[in-house]
S.K.: 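This structure is in structure tokens; I'll ask about it shortly.
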Amino acid sequence: MGDEEKKVLVTRAMPKGGLDPLTAAGCQVTQRLDDVAYTHAELVELAPNFDGMVCLLTDKIDTDVLEAGARGRLRVVANAAVGYDNIDVERAERLGVVICNTPGVLDETTADLAFLLILAAARLASDAERDLREGKWAGWGISDHLGRDVHGRVLGLIGYGRIAREVARRAEGFGMEVLHHTRRPTGFPGFVETLDELLSTSDAVSIHVPLTDTTSKMISKRELALMKPTAVLINTSRGPVLDEEALCDALDGGSIFAAGLDVYESEPAVNPRLIASRRTVLLPHIGSATIETRTKMVRLASLGVVEVLSGRTPENVVTPR
Ligand code: GLV
């Protein structure tokens, strides 16, 4: 890694062992341990003093941070997440700052959570549990808490990357037929050419696209209106892909059956209408949140930093979309 000791900023407390690659490579690690996010101004001030940074999706690595960093010694930023819409990758490339993410290590864990939401939304699990917790359960009722079956139904995947394919694998085990739609034909069975067709034929729709200018609000009023009134909508990708107000209208108006969400338009704020709805299952962005997976993510991000600072190009480098 060169003779000079490399300095790496880690923006938060991280799962145990995740940063081992940095210490093993002899990096001097400065870590925020109080688990409070750095402000934007703090990141701008700190960035130039470090060769590398391991950050979270809640850290906004924008032009200001990158320019300040590049004026100093910053060469690499590794996001401990697979999504990297919090980073201005285009600007980073122009400034010569390498950006890494954590693909591959969270696919199964995130697919598990997407499937949890498919099942929980179809069975209105949160509503049923709420009744129990609030002491409103009067005993077994033949017509109480009636959800929808998932077996024998069609799952429509929007996007067909690694996570979506893991969701597909799970769905087959649950007796579902699986379709998918992407902008370009995948060549795989189940490909549906238009989003509209996918939406109108699926009983469960699960979103698996990154947040970009093209995918922002891709599921809005028009798209929701195409879904079956018996269908459920799941989002474990990024909140702004979905128009939350339009979703609330669709839920309140009964034009879809239920929704399962792990991500929100303005995290950590959650639309009060979603919270009030009896037809939502809402989780606080925990798609990859297992001890094993989060540790692997931080290790992969740390390895990316070590590789770049050693003059190599790791596989987890991202380029502008
Ligand atoms: C989590 O949302 C991630 O992108 O890893």
Side-chain angles (χ1 to χ4, degrees), residues 10-15 17-19 21 35 37 53-62 76-89 92 98-118 157-167 206-219 233-242 244 259-270 274 281-305 314-321:
V10 177
T11 62
R12 292 292 271 276
M14 297 282 177
L19 301 174
D35 221 19
M53 193 189 294
V54 176
C55 67
L56 301 184
L57 60 87
T58 43
D59 298 314
K60 202 158 179 51
I61 310 299
D62 62 4
V76 54
V77 175
N79 210 29
V82 69
Y84 48 89
D85 45 280
N86 56 312
I87 300 179
D88 188 338
V89 180
V98 178
I99 306 298
C100 300
N101 69 340
T102 63
V105 294
L106 47 66
D107 304 340
E108 299 224 43
T109 303
T110 308
D112 285 345
L113 193 94
F115 216 84
L116 182 159
L117 285 173
I118 292 170
L157 301 168
I158 303 177
Y160 203 53
R162 282 179 293 252
I163 296 171
R165 278 177 257 167
E166 285 300 332
V167 177
S206 189
I207 306 174
H208 299 282
V209 290
L211 174 61
T212 64
D213 290 347
T214 322
T215 62
S216 175
K217 298 240 160 110
M218 79 184 286
I219 303 298
L233 179 65
I234 307 307
N235 191 11
T236 52
S237 63
R238 286 291 183 269
V241 171
L242 179 61
E244 268 173 19
L261 307 178
D262 186 44
V263 288
Y264 304 89
E265 258 180 57
S266 310
E267 295 179 13
V270 180
L274 289 174
V281 178
L282 306 174
L283 296 176
H285 204 150
I286 57 166
S288 61
T290 64
I291 294 166
E292 299 88 340
T293 292
R294 287 281 167 87
T295 306
K296 284 185 203 158
M297 289 164 68
V298 180
R299 281 186 71 87
L300 187 56
S302 301
L303 270 172
V305 168
E315 277 181 18
N316 54 328
V317 165
V318 298
T319 48
R321 293 185 202 273

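For ligands, and for the atoms within them, numbers begin at 1 and follow the listed sequence.
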S.K.: Would you say T109 and M297 make side-chain contact, with heavy atoms under 4.5 Å?
M.R.: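 Not touching, per the 4.5 Å side-chain cut-off.
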S.K.: For ligand 1 and S288, I'd like to know whether there is a polar contact (N/O to N/O, distance under 3.5 Å).
M.R.: no
S.K.: Side chain, backbone, both or neither: which part of L106 has a heavy atom under 4.0 Å from ligand 1?
M.R.: side chain
S.K.: Verify the neighbour count for atom CD of E267: are there more than 12 heavy atoms of other residues, nucleotides or ligands below 6.0 Å?
M.R.: yes
S.K.: First locate atom CG of L300, then atom OG1 of T295, and finally report the distance between them rounded to the nearest 0.5 Å.
M.R.: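 Going from CG on L300 over to OG1 on T295, the span is 12.5 Å.
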S.K.: Near H285, which atoms of ligand 1 are under 4.0 Å from a heavy atom of that residue?
M.R.: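 Ligand 1 atoms under the 4.0 Å threshold to H285: 1 (C), 2 (O).
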S.K.: side-chain contact (heavy atoms from CB on, under 4.5 Å) between V167 and I118: does it pass, once the steps are laid out?
M.R.: CA-CA 10 Å; V167 177; I118 292 170; 4.1 Å; yes
S.K.: Which atoms of ligand 1 sit under 4.0 Å from any heavy atom of A81?
M.R.: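 Under 4.0 Å from A81, ligand 1 has these atoms: 3 (C), 4 (O), 5 (O).
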S.K.: Examine V82 against ligand 1 and note whether any of their N/O atoms are separated by less than 3.5 Å.
M.R.: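 Yes - when backbone and side-chain N and O of V82 are compared with those of ligand 1, one distance drops under 3.5 Å.
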S.K.: When you look for heavy atoms under 4.0 Å from ligand 1, do you find them on the side chain of T110, its backbone, both, or neither?
M.R.: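 No part of T110 is near ligand 1 at this cut-off.
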S.K.: Using 0.5 Å steps for rounding, measure from the CD atom of E108 to the CZ atom of R165.
M.R.: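 Going from the CD atom of E108 to the CZ atom of R165 covers 13.0 Å.
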